[in-house]
Amino acid sequence: MDRHDKDIPVAEVVVAVGDCSEEDARAVLDLLERSFPAESGAGGAAGGGGAATVWSAVLDAAEPAEPAERQAAPVRLNGAVTVTLQGGPRAVERVQAALAARFTVEEMGSVSGDQEREIELRIRS
């Protein structure tokens with residue numbers, strides 16, 4: 001059975017990172033892509049005037065992330081970073097937990113639907 005079958009809960013999480021430097025955005029996305037498989041070719045940057053203002057990736061959060069203590073050295077951010085997560089409720093919770101294991105996380109707001117959740121976070125080192 002295909003993992004994208006309509007009877008299987010959605011495990012994909014769209015991650016958008018913004019309000020930060022490219023270095024901080026890349027650090028956050030690299031950490032998440034080491035924690036969860038990322039869909040190839042699904043990431044990117046968007047913005048006006050040649051400078052990206054939002055960086056994104058699509059993660060497969062079907063399983064909990066590898067524990068933070070098993071991963072590489074701590075990730076340090078230069079400032080606060082805005083992260084928006086959108087996907088199935090359990091998958092979003094897994095990605096949020098992975099971020100909370102590495103950063104100070106403040107929930108800025110969320111919207112929940114029948115099969116999807118969107119949450120905006122502010123993270124700091």
Side-chain angles (χ1 to χ4, degrees):
M1 186 186 309
D2 186 332
R3 71 177 185 87
H4 293 289
D5 187 300
K6 66 180 179 178
D7 296 328
I8 298 174
V10 175
E12 289 182 348
V13 176
V14 176
V15 180
V17 179
D19 294 334
C20 63
S21 68
E22 182 176 358
E23 178 183 4
D24 282 352
R26 185 60 10 222
V28 171
L29 290 176
D30 286 348
L31 170 74
L32 291 175
E33 289 172 353
R34 285 192 310 269
S35 301
F36 302 98
E39 289 192 2
S40 60
T53 55
V54 176
W55 294 265
S56 65
V58 178
L59 307 174
D60 180 352
E63 299 294 327
E66 180 176 330
E69 59 272 3
R70 289 191 190 167
Q71 294 189 15
V75 175
R76 295 283 172 225
L77 303 174
N78 295 316
V81 175
T82 299
V83 179
T84 302
L85 307 175
Q86 182 179 13
R90 287 186 188 184
V92 167
E93 286 173 16
R94 288 182 181 123
V95 176
Q96 183 177 3
L99 289 169
R102 285 304 194 74
F103 303 107
T104 300
V105 176
E106 178 184 1
E107 187 173 324
M108 303 301 290
S110 67
V111 178
S112 296
D114 227 12
Q115 301 294 316
E116 190 170 84
R117 182 166 190 226
E118 182 175 325
I119 185 168
E120 184 174 333
L121 308 170
R122 195 81 171 143
I123 64 172
R124 294 174 177 79
S125 291

What is the minimum heavy-atom distance between A57 and L29, and which atoms define it? CB-CD2, 4.0 Å

Closest heavy-atom pair, D24 versus R76, reported as atoms and distance to 0.1 Å, is OD1-O, 4.4 Å

Looking at every heavy atom in both A80 and C20, which two are closest together, and how far apart are they? O-CB, 4.0 Å

Just how far is it from atom CZ of R26 to atom CH2 of W55, taken to the nearest 0.5 Å? 9.5 Å

dist D60:CG -> E12:CD (nearest 0.5 Å) comes out at 7.0 Å

Under 3.5 Å, is there a donor-acceptor pair between the side chain of S110 and the main chain of E118? no

My understanding is that only residues two or more places apart in sequence, or in another chain, count here; which of them pass side chain to side chain contact (heavy atoms under 4.5 Å, CB included) with T82? D19, E120, R122

In terms of heavy-atom contacts, F103 and L31 come closest through CE1-CD2, 3.5 Å

List the atom pairs, with distances to 0.1 Å, where a side-chain N or O of residues 83-98 and a protein N or O form a donor-acceptor pair under 3.5 Å, not counting sequence neighbours.
{"from": "Q86", "atom 1": "NE2", "to": "E116", "atom 2": "OE1", "distance (Å)": "3.0"}
{"from": "R94", "atom 1": "NH1", "to": "A61", "atom 2": "O", "distance (Å)": "3.1"}
{"from": "R94", "atom 1": "NH1", "to": "A62", "atom 2": "O", "distance (Å)": "3.0"}

Of all pairs that satisfy salt bridge (Lys or Arg N to Asp or Glu O under 4.0 Å), the ones with a partner from residues 103-114, not counting sequence neighbours: E106-R124, E107-R117

Apply side chain to side chain contact (heavy atoms under 4.5 Å, CB included) to residues V13 and V58 and explain how you reach the verdict. CA-CA 6 Å; V13 176; V58 178; over 6 Å; no

So do V28 and L99 actually touch side chain to side chain, heavy atoms under 4.5 Å? yes

Shortest non-hydrogen contact from V75 toward A27: CG1-CB, 3.7 Å

